[in-house]
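Data block below; observations after.
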Amino acid sequence: MSVDLDRRGFVLAAGGAIAASAIGPSALAQTAGRKVGYAIVGLGGYGLGQIIPQFKNCEHSRLVALVSGDPAKAKRVAAQYGVPESGIYNYENYDSIRDNPDIDIVYVCLPVSMHAEYTIRAAKAGKHVLCEKPMALSSKECEAMIAACRQAGKKLMIGYRCHFEPFNLEAIRRARAGEIGKLRYFRSEHGYTAGDPTAWRLKKAMSGGGSIMDIGIYALQAARYMTGEEPVAVYAKETTDRKDPRFREVEDMIEFQLEFPSGVIGSCMSMYSANRNQVLLMGDKGRIELEPATNYSGQRLWVGKGRENEITPPQGPGKNQFAGQLDHLAQCVLENRTPIVPGEEGLRDIRIIEAVYQSAREKRRIALKA
Ligand code: NAD
């Protein structure tokens, strides 16, 4: 456990926007000029709206291919972002990416139920994978994804962009440096108001579950990276109005408590019926607060007794969390290193989420396996 804590502490402190400095100048010089090629699978809200526009901010990554079920959209996006026609694929001919040497990494931006299949097919086609969160529908699927990438000798990273977000990194650094004394309590509330009842996120077969799979996972992740500890037990309670057409299949509110080995208590709330995005870390000498904590932008951070001391972290080399994430995996490929948020990290969260669901169902504390 202590080795793991040290590893997490170090990689987080060194990660993200400043990851380049962790590699060393000579290694970087050897790979200078080579940009790693990404194929984006799924041109939806996240892939098209957030990720594709970020390649212009990357140093080591470039967009070389698109995989979409909509040929007209793919053609339009390809023209806009300079992707050659030979780099356009659909879900039927997806496996032929194996014949495209420009594609190094496949970024899976699909509904959760498709993550395992498209990750495993990418690995079999000889490509590294960046897969969106939550990693998959179940821990069993996560294990199969890890095994497939390992067997193919390919890297697997999960799209946990907050590990590359300067305000989160600054909060972690200050907590580790003891600025708020001994940690006692972590609290995080994450939620937004779900809309269309027919959306895939509200269909259990496609999402794997409700708010915790989509948004509460940020609270869980933050509990782990802010404390630098792994929870040993969970206790959860679900509150869902099953008459609401949005929540026939998945949960709305789920509250979960995490017990950490040091005695720190983590208290997390996940919801699909209110907007909230906050992290609070309390120590015996003060508190660290982030709000919003894990949004795409606009983070604010306070360190002290309350909100009197607002902190703006020093700017890194100009990369935001999205570009930092893309370039991190690109650098891992160039340098043959393991990403700081590998498949195992996604699997851990899914195992904890499974225990959270079990706890809510059985109304009892569930111990987590080490
Ligand atoms: P979306 O619904 O906007 O896009 C999904 C894409 O998958 C669309 O292009 C759609 O056409 C395609 N698709 C292919 N087959 C499909 C099918 N059978 N049913 C539905 N869509 C199908 O979703 P999104 O918001 O882009 O989410 C995609 C992934 O990205 C999810 O895993 C989600 O959790 C993740 N995500 C991550 C973040 C983050 O901040 N890291 C933010 C948003 C979404």
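Start at 1 and go down the list; that is how both ligands and their atoms are numbered. Atoms considered below: every heavy atom in the structure, side chains included; atoms not considered: hydrogens, waters and symmetry mates.
- Scanning the protein for heavy atoms near atom 21 (N) of ligand 1, the closest one is Pro111 CG, 3.4 Å.
- Below 4.0 Å from some heavy atom of Leu43 lie the following atoms of ligand 1, by number and element: 9 (O).
- Remark: Lys319 engages Asp327 in a salt bridge, criterion side-chain N to carboxylate O under 4.0 Å.
- If you check each of Gln325, Lys203, Met206 against atom 19 (N) of ligand 1, the one with the closest non-hydrogen atom is Met206.
- Closest to atom 39 (C) of ligand 1 by heavy atom, among Tyr218, Phe322, Tyr160, Tyr296, is Tyr218.
- For Gly69, the closest heavy-atom approach to ligand 1 does not fall below 4.0 Å.
- Nearest protein heavy-atom neighbour of atom 43 (C) of ligand 1: Tyr46 CD1, 3.4 Å.
- Nearest to atom 34 (O) of ligand 1 among the protein's heavy atoms is Lys133 O, 2.8 Å.
- Here Lys182 does not pair with Asp284 in a salt bridge; the nearest charged N to carboxylate O distance is not below 4.0 Å.
- Of the charged side-chain nitrogens involved, at least one lies within less than 4.0 Å of a carboxylate oxygen, so that Arg287 and Glu289 count as a salt-bridged pair.
- Between Phe322 and Tyr296, the distance from one ring center to the other falls under 6.0 angstrom.
- Here the heavy atom of the protein found nearest to atom 11 (O) of ligand 1 is Tyr91 OH, 4.9 Å.
- Note on Glu249 versus Arg242: no salt bridge recorded, every NZ/NE/NH1/NH2 to OD/OE distance being 4.0 Å or above.
- When ring centroids are compared, Tyr38 and Phe55 come within the 6.0 Å threshold.
- Of all protein heavy atoms, the one lying nearest to atom 28 (C) of ligand 1 is Cys109 O, 3.5 Å.
- Ligand 1 has no N or O atom lying under 3.5 Å from any N or O atom of Lys73, backbone or side chain.
- Protein heavy atoms are found inside the 4.0 Å sphere centred on atom 9 (O) of ligand 1.
- At least one N or O atom of Leu110, backbone or side chain, sits closer than 3.5 Å to an N or O atom of ligand 1.
- With ring centers used as reference points, Tyr118 lies under 6.0 Å from Tyr91.
- The existence of a salt bridge linking Asp241 and Arg246 is excluded, since no basic side-chain nitrogen approaches an acidic carboxylate oxygen closer than 4.0 Å.
- For ligand 1, the polar-atom distance check finds an N/O of Gly45 within less than 3.5 Å of one of the ligand's N/O atoms.
- Within the 4.0 Å heavy-atom criterion, the part of Asp214 lying near ligand 1 is the side chain and not the backbone.
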For residues 73-82, tabulate all N or O donor-acceptor pairs below 3.5 Å that involve a side-chain atom, not counting sequence neighbours.
residue: Lys73; atom: NZ; partner: Leu43; partner atom: O; Å: 2.7

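- In terms of N/O distances under 3.5 Å, ligand 1 is approached by Gly44.
- Of all the listed residues (Arg161, Glu132, Met114), Glu132 holds the heavy atom that lies closest to atom 37 (C) of ligand 1.
- For atom 25 (O) of ligand 1, the closest non-hydrogen atom of the protein is Arg201 NH2, 2.9 Å.
- Under a 4.0 Å heavy-atom criterion, Tyr118 is not in contact with ligand 1.
- Residue contacts with ligand 1: His115 is included, with a non-hydrogen atom under 4.0 Å away.
- Of the protein's non-hydrogen atoms, Trp200 NE1, 2.8 Å is the one closest to atom 2 (O) of ligand 1.
- Within 6.0 Å of atom CD in Glu362, more than 12 heavy atoms from other residues, nucleotides or ligands are found, so the atom counts as buried in its surroundings.
- Between Arg348 and Glu344, none of the side-chain N atoms (NZ, or NE/NH1/NH2) sits under 4.0 Å from a carboxylate O, so this pair counts as no salt bridge.
- Interface atoms of ligand 1 facing Gly159, defined by a heavy-atom separation under 4.0 Å, are 41 (N).
- Under a 4.0 Å N-O distance rule, the pair Lys154/Asp104 does not qualify as a salt bridge.
- The pair Arg351-Glu354 does not meet the salt-bridge criterion, since no charged nitrogen lies less than 4.0 angstrom from a carboxylate oxygen.
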